[in-house]
Each structure stands twice: as C-alpha cells, then as structure tokens.
Amino acid sequence: MADQEFLPLDFNSVQTVPESHLWPDSDELSSVIDLDEKISLPSIDLLDDGASELLGRACEQWGMFQLTNHGISKTLIAETEEEARRLFTLPVKEKMKTLRSADRVTGYGTAVISKYHPKCMWHEGFTILGSPADDAKKLWPSDSKRFCDVMEEYQSEMKRLSDRLIKLIFKFLDISVEETMKLLSSMDDSGKSYTALQLNSYPPCPDPDQVMGLAAHTDTSLFTIVHQACNDGLQIFKDKAGWVPLSPMRGSFVVNVGDLLHIMSNGRFRSILHRVTIQGKKVHRFSLAYFYYPPPYLYISPHCKPLSESPQTPLYRCVSVKEYFTMKAKNNGEGLSTVKI
C-alpha cells in the first residue's frame, strides 16, 4: 500500500465499510473455535508468595495471563481510560494535527503492523513515549495539563509494576540478580524512556464481521501489559485449537509475552500470536497497552541454564534490540525466524 493509504479513517463519517477496510473470506476472520463460554486465562495474584512460579508456568503454557492485586489504583486506570476516550472523540481534523510520520513514532495514526497487510484495520491509535506534552498542546492548546499529568503518572506506575514483574520472571528463569539489575539500570539510563504507552480505539462498525480491529501479530517487547475497557474482542491463537476468544476479568491486567522475552527464555516462554476483532455495531472498544522494552543498544540472548542434567542448546542467536526491530520489519512482522539458529 502507498503511504497515504495509512491515514486513519474518519470513522464517524462512514455509513458503510469502505473497500480499503473490507476483509472478506479471509483466514484472518475465520477459525474461531466455537465455545459456549470464552476461555479464562490463568489469573495470578501478584501478592501470592508463589507468584514467581505461577508467572513462569503461565508464560510457558499460555504466553499470557491475567494479573490481579497489581497495585495500580482503580482511580488512575479510570482517569487514563477517560483521557484516552476524550482524545479519540475529538474531530478527526484535530487528531490529525498529531499524525505520526516516518521520522516520528509518537502521536496519532494507524497500527504499525498496517504496512504488512493489503487491507486497513478498524483501529486508530495514539503512541506516547514519556511526556506527551508536545502533542497534547496541539490537541488542547489551553487544556493539555490534565491529559499529560494522567498519562505520565500511568506510565510511571506501569514502569514500577513492570520492574517488579521482570524480577519475578527472571527469578523463575534462574537469571542472576546481577543480570536483572543490569537490565533494570539500563532501562533507567539518563532518564530516557524506552517503554511505550499505546492508546487504542476500535470504533463502532456498520459491518463488524467484515473488518479486522487489529490483525494477528506478536509484540516485540519483553512483555506487554494491557488494560481492556471491559469489552470483548481480544483473541489468542492456540495450537490445535485455532483462534480462542478471551473475556477480560474486571480489575485485572492482561500480560502477554513478547518476542524479546521469548528469545531470552530460549523459547520456554512463547510470544503469543494475538489479534482484536470488532464486536457489534454500536460497541466502541478502548484499551491501554504498555510495552516494556529494553534500550535499543542492549543485546538479547537466550538464557540456557540446564533444565535437567543435559545442558540446553541455544535456539536463537544473540541480537541487539535495535537490530531485531529492523529484521522484524523487513520480514513483514515475523522476527523470531530471523534469529533462529
């Protein structure tokens, strides 16, 4: 597709799904298993004394889990969701003032994975790295402080939670305290933000069965923490079962393994394929996705402590975070095969 085709659609102005967004008779829209009830992911209480073991087992068996007692206040989550809603309900001409460009990763736009598909997705997003002040002032010249304060606080709390999770996950993988602290200190290098907060909007659609909210993909991050605004639509791909619909549990976060943690675990933890479908003609779905990345200069390699008496063989080569991003993009969004030994 040409670059101009990646411009977000004015969803409020369309009465029918345009050809650019139709996904008819596609494998992307099929193969959902027929279940009387949606699958419930493993639910892990972060205050449980055995949280490290529970997290590790969930990452091995599912690549995704629900997290409760995570310590993030309901008030902050509600405020962040409300600010995201305030942004996405702005007129499209206002949102376009913060449009992402080839040399700018923050701001408003379509999903990054759009370039890998012949059809557009029924989605709009807003990406934040650190302070969103520059973009927020374009949207609300005299009223941007509230948005900035809430987004910065949410990111700070997500970073604190992520640091806590990675310690427990590395403990399960038997990665040393020294290596863990090296990673954590690199992520606080010079006050730079290597993590990202993605605000997602999936507007109501006149024909939801013919569109895709977010096409199948894996995340590049170590892991991603997602808040869903109590709407269905998230699905994961399970071997021998196909696409499995998930139902969010109120008050919990969904956490999924990303490619970088898949590599570091030497494939023990699976970077799970997931997607978002559109549910109903009147449902407007929102989510908040926090991507926990190491800095681009850091090298990632499998941790191969023996699981038994036989030593484990590395399945992936050592690669820098920046190099992995580049190779994944060149390989149409599939990165793990490019570093497989």
Answer yes or no: are there more than 12 heavy-atom neighbours, outside Arg100 itself, under 6.0 Å from its atom CZ? yes
Cationic tip of Arg86 within the cone over Trp140's six-membered ring, i.e. under 6.0 Å and within 45° of the normal? yes
Using the test side-chain hydrogen bond (donor to acceptor under 3.5 Å, both in side chains), find all partners of Ser131 that sit at least two apart in sequence or belong to another chain. Glu152
Quick one: does His217's side chain get under 4.5 Å of His274's, heavy atoms only? yes
Within a 6.0 Å radius of atom NZ on Lys137, are there more than 12 heavy atoms belonging to other residues, nucleotides or ligands? no
Using side chain to side chain donor-acceptor pair (under 3.5 Å) as the criterion, point out the one residue from His284, His123, Lys95 that pairs with Ser201. His284
Name the orientation class of the two ring planes belonging to Phe253 and His70 (parallel below 30°, tilted from 30 to 60°, perpendicular beyond 60°). tilted
Give me each pair satisfying ring pair (Phe, Tyr, Trp, His ring centres under 6.0 Å) with a member in residues 317-341, each pair once, sequence neighbours excluded. Tyr293-Phe325
Quick one: list whatever passes side chain to side chain contact (heavy atoms under 4.5 Å, CB included) with Met181, sequence neighbours left out. Val177, Leu184
Distance only, no hydrogens: is a donor on one side chain within 3.5 Å (strictly under) of an acceptor on the other, for Thr195 and Lys159? no
Answer yes or no: is there a side-chain heavy-atom contact under 4.5 Å between Pro8 and Leu99? yes
Can we call the ring centroids of His303 and Phe170 under 6.0 Å apart? no
If we ignore angles and hydrogens, is there a donor and acceptor under 3.5 Å between the side chains of Ser43 and Gln66? no
If you compare all heavy atoms of Glu334 against all heavy atoms of Thr338, which two are closest, and at what distance to 0.1 Å? O-CG2, 3.9 Å
Among pairs that include at least one residue of residues 73-94, which meet ring pair (Phe, Tyr, Trp, His ring centres under 6.0 Å), considering only residues two or more places apart or in two chains? none
Mind running side-chain contact (heavy atoms from CB on, under 4.5 Å) on Val283 and Tyr202 for me, showing each step along the way? CA-CA 8 Å; Val283 177; Tyr202 305 92; over 6 Å; no
Does atom NZ of Lys171 have more than 12 heavy-atom neighbours from other groups under 6.0 Å away? no
Test of understanding: with side-chain hydrogen bond (donor to acceptor under 3.5 Å, both in side chains), list the residues that count as partners of Ser142, not counting sequence neighbours. none
Non-hydrogen side-chain atoms of Leu139 and Leu87 separated by less than 4.5 Å: yes
Can you see whether Tyr290 engages Gln155 through a side-chain donor-acceptor pair at a distance of less than 3.5 angstrom? no
Does any non-hydrogen side-chain atom of Leu298 lie less than 4.5 Å from one of Tyr194? no
Does the pair Glu19 and Lys119 meet the rule for a side-chain contact (heavy atoms from CB on, under 4.5 Å), with working shown? CA-CA 8 Å; Glu19 178 64 30; Lys119 294 291 185 176; 2.9 Å; yes
Run the side-chain contact (heavy atoms from CB on, under 4.5 Å) check on Trp122 and Trp23 step by step: do they pass? CA-CA 10 Å; Trp122 205 262; Trp23 291 58; over 6 Å; no
Ring pair (Phe, Tyr, Trp, His ring centres under 6.0 Å) with Tyr292: which residues, sequence neighbours excluded? Phe223
Within a reach of under 6.0 Å around CG of Asp149, are more than 12 heavy atoms found that belong to other residues, nucleotides or ligands? yes
